[in-house]
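Remember, it's a predicted structure, so these values are computed and weren't measured experimentally.
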Amino acid sequence: MKRSCNRKPPFRQRKTEGAHTHTKRYNKLSIKLCEQAVRTCFDGKWRRNDVLSFVEKYAGIPRDEIKLEELTGERTARNEAVRSCALALFETLTEIIEGEEPDSVEPVIVRPRPDGMTGKIRDIALLSIMHQLIGHAAKLMLDPLFKAKILPTQHASLPGHGQTRLKNQTHKYFLKESLGIQYVVKTDVVHAYESTTYEVVIGFIKRDLPKAHDLHAMLEYLGRIAPGGHLIIGGYLDAWLFNYLMSYTIRFVYEQASVRRGKKIRHIVRCVTFMDDFTYLSKSIKGLKRSTRNLDKWMQRELNLRLKWTSGIIKLLPIEEETRRRAIPHGKARRGCPVLDMAGFRICRTHIMIRPRVLLRARRQFLRAWNELQRTGTLRRVRAEKLISYNSHVSQSDSIYMIEKYHITELMEVAECVSSFHQREDMRKRREELYDLQRRRSKGEAAEGFDRAFTGEDGSAVDGQRENVHVS
C-alpha cells in the first residue's frame, strides 16, 4: 500500500524569542552599544554644565547649539554629539580591555552628605562623565544576566520597583490564604555598600559569564578606581550590581527547607527586599529562626557581609481579629495591630499606615501649609512641591481621618495650581532663552557673512576693494 504524498511533515518546534534570549548570556561591546550608553546617560542631563563641557571637549559642538536644540526639540547636533562621544567611549573601553590606564577618567570625589530621610551622614560619590558612561556601557552588557537573575520581589533602584510596588506586593502576600504567612522578620545588611567589594561581585559574574573577558576587564578597572574597592553610593551600575548579588541571597533563603513525608516544605515562603532591607515571610517560627541564622553564616562566608535584625519576630493577627480591633472607637490603644514597617509604610492584613517618622514630617508640612494659606491666600513653590511629595504617602495608605483633619484635599488643589503656574513661568523663561540664543546665532551668522563678503572665501580682499585701496 502506497503512502499518501500529501502527508504533512513532522512537527518542528520553532525557536521562540524567549528561547533566544535565554541562550544570550550578555551583550557584546560595540559602537552601537556605546551610542545607547551615551543616550541613556545623557537623557535629561543635556543642560548640565559637566555634560556640555564633555560634549564640547569630545564632539567640538558649542554648548549654545545643544541648548538651542534642547529648547526647540531638534536632535541634529545632539545626534552628532552622541556619535562622537560614543567613539570616545569605545576608544576608552578599548584601552581598558588592553590593560592600559585611560587619561579621560577623572578620580572619584567623595563628599559626606546627610540622608534626607534618616539624617545619617553618607559618603556620596561624584563621578566624572566618562566614569558614568563606562558604568552605563557595562550595565547594557550585563542586561541579559540582570533580567535572568534579579527576582520580582527585589525593589529600590530598579525601574518600576519602588515603594508603592513593594507595599502592594507585601500586602497581597499577607492576604493570600494559600501562603499561610503568620510570622515576619526584618533584617538589614550591615554597611551594605561599604562592605560589598568589586572583587566579590566580579567572582560571581565570572562564574555566570566565564567567557566575557572584555566585561571582566571593565569591572576590574572600575573596582581599581573605586574608593576602597567597594561599591559606590550614588553609582548607576553599583545599584544594579548590588541587587544582582542580593538575588543569590534570596535564592539561598528559598533553598532552606525541611522534608516531611517526602514533601519539601520551605522555611521562608516569601522574601521581599528593599535594597539592603530583607523581610522574611514564614509559616513557622522555628524555620524562620533557622533560615536567618543559616543565611547570616552563608553571607559572612561567601560575601563578607553580616546581617542584623531590625525587628523582632512579628506574629500577624488573623483578618477577623484585626477587623475587630479596628472597630474599637478611635484613640484607644487596643486598636493597635502587629505591623511590618518597611519602605515608609506600616503594613498589616487589613490596612496600611504611614511610618511614624514620615507621618510626623508630613503632618508638620500640612499644618504649616494650612497656616500659610490662611494668612496669605496662596502657597510658596517650595511648600507646594513638598505637599505634592508627601501626598503620595497619604494617597497610598488608609489615612482617611488625616485627610479630613489636616484639610489635605483643599491644600492639594492649591498646591497643584501653584505648581502649574510655576511650570508655565519656567516655560516662558525657556522661550525667552530660546529667543536670546536665536538672536545671538543670527547676529553671529550675519557677522560671519559680512566678513566673508569683505575678505572673500580665501581670506583675500576682492578686486574692487583692492583698486580702492591702491588708488588711495
**Study point:** Full working for ring pair (Phe, Tyr, Trp, His ring centres under 6.0 Å) between Tyr193 and His230
**Key:** CA-CA 7 Å; Tyr193 273 41; His230 57 74; 8.6 Å; no

Practice item. Could you tell me whether Arg428 atom CZ has more than 12 heavy atoms of other residues or ligands within 6.0 Å of it? Key: yes

Review point. Does a sphere of radius 6.0 Å around CD in Glu410 hold more than 12 heavy atoms from other residues, nucleotides or ligands, not counting ones at 6.0 Å or beyond?
Key: yes

Review point. Hey, are the side chains of Leu127 and Glu106 touching, using non-hydrogen atoms and a 4.5 Å cut-off?
Key: no

**Study point:** Side chains of Ser397 and Ser399, donor plus acceptor under 3.5 Å
**Key:** yes

Point to revise | Residue pair Pro227 / Ile232, side-chain heavy-atom distance below 4.5 Å | key: yes

Review point. Would you say the side chains of Thr292 and Tyr280 form a donor-acceptor pair under 3.5 Å?
Key: no

**Study point:** Glu432 with Lys429: basic N within carboxylate O range, under 4.0 Å
**Key:** no

Practice item. Decide side-chain contact (heavy atoms from CB on, under 4.5 Å) for Leu411 and Tyr406; before the verdict, give the C-alpha distance in whole Å, the side-chain angles of both, and the deciding distance to 0.1 Å. Key: CA-CA 9 Å; Leu411 289 174; Tyr406 299 109; 5.7 Å; no

Practice item. Could you tell me whether Arg75 and Glu69 make a salt bridge, using a distance below 4.0 angstrom between a side-chain N and a carboxylate O? Key: no

Review point. Does CD belonging to Glu425 count more than 12 external heavy atoms closer than 6.0 Å?
Key: yes

Exercise for review: Verify the neighbour count for atom NE2 of His191: are there more than 12 heavy atoms of other residues, nucleotides or ligands below 6.0 Å?
Suggested key: no

Practice item. State whether the side chain of Ser392 and the backbone N or O of Ser389 hold a donor-acceptor pair below 3.5 Å, judged by distance alone. Key: yes

Exercise for review: Scan for ring-ring contact (aromatic ring centres under 6.0 Å, His included) pairs involving residues 335-366, sequence neighbours excluded, and state none if there are none.
Suggested key: Phe345-His393

Point to revise | Salt-bridge contact Glu320-Arg349 (side-chain N to carboxylate O under 4.0 Å) | key: no

**Study point:** Pairwise side-chain contact, Val414 with Cys417, heavy-atom cut-off 4.5 Å (strictly under)
**Key:** no

Point to revise | Axial cation check for Tyr254 ring with Arg266, 6.0 Å and 45° limits | key: yes

Practice item. Only counting residues at least two apart or in another chain, list the ones meeting side-chain hydrogen bond (donor to acceptor under 3.5 Å, both in side chains) with Lys405. Key: none

Practice item. Answer yes or no: is there an ion pair linking Arg368 with Glu372, defined by an N-O contact shorter than 4.0 Å? Key: no

Exercise for review: Identify whether the distance between the nearest side-chain nitrogen and carboxylate oxygen of Asp188 and Arg306 falls below 4.0 Å.
Suggested key: no

Check your understanding: Is the shortest distance from a Lys or Arg side-chain nitrogen in Lys139 or Asp143 to a carboxylate oxygen in the other one below 4.0 Å?
Key -> yes

Check your understanding: With no hydrogens and no angle check, do the side chains of Thr323 and Thr350 hold a donor and an acceptor under 3.5 Å apart?
Key -> no

Check your understanding: Got a salt bridge between Glu255 and Arg251, using NZ or NE/NH1/NH2 to carboxylate O under 4.0 Å?
Key -> no

Point to revise | Sub-4.5 Å side-chain heavy-atom contact between His131 and Leu222 | key: yes

Exercise for review: Please identify each residue that fulfils side-chain hydrogen bond (donor to acceptor under 3.5 Å, both in side chains) with Lys167, with sequence neighbours left out.
Suggested key: Gln396

Practice item. With the side chain counted from C-beta on, respond yes when Thr249 and Cys271 share a heavy-atom pair under 4.5 Å apart, and no when they do not. Key: no

Check your understanding: What pair of heavy atoms forms the shortest contact from Ala156 to Asn243, and how long is it?
Key -> O-ND2, 3.5 Å

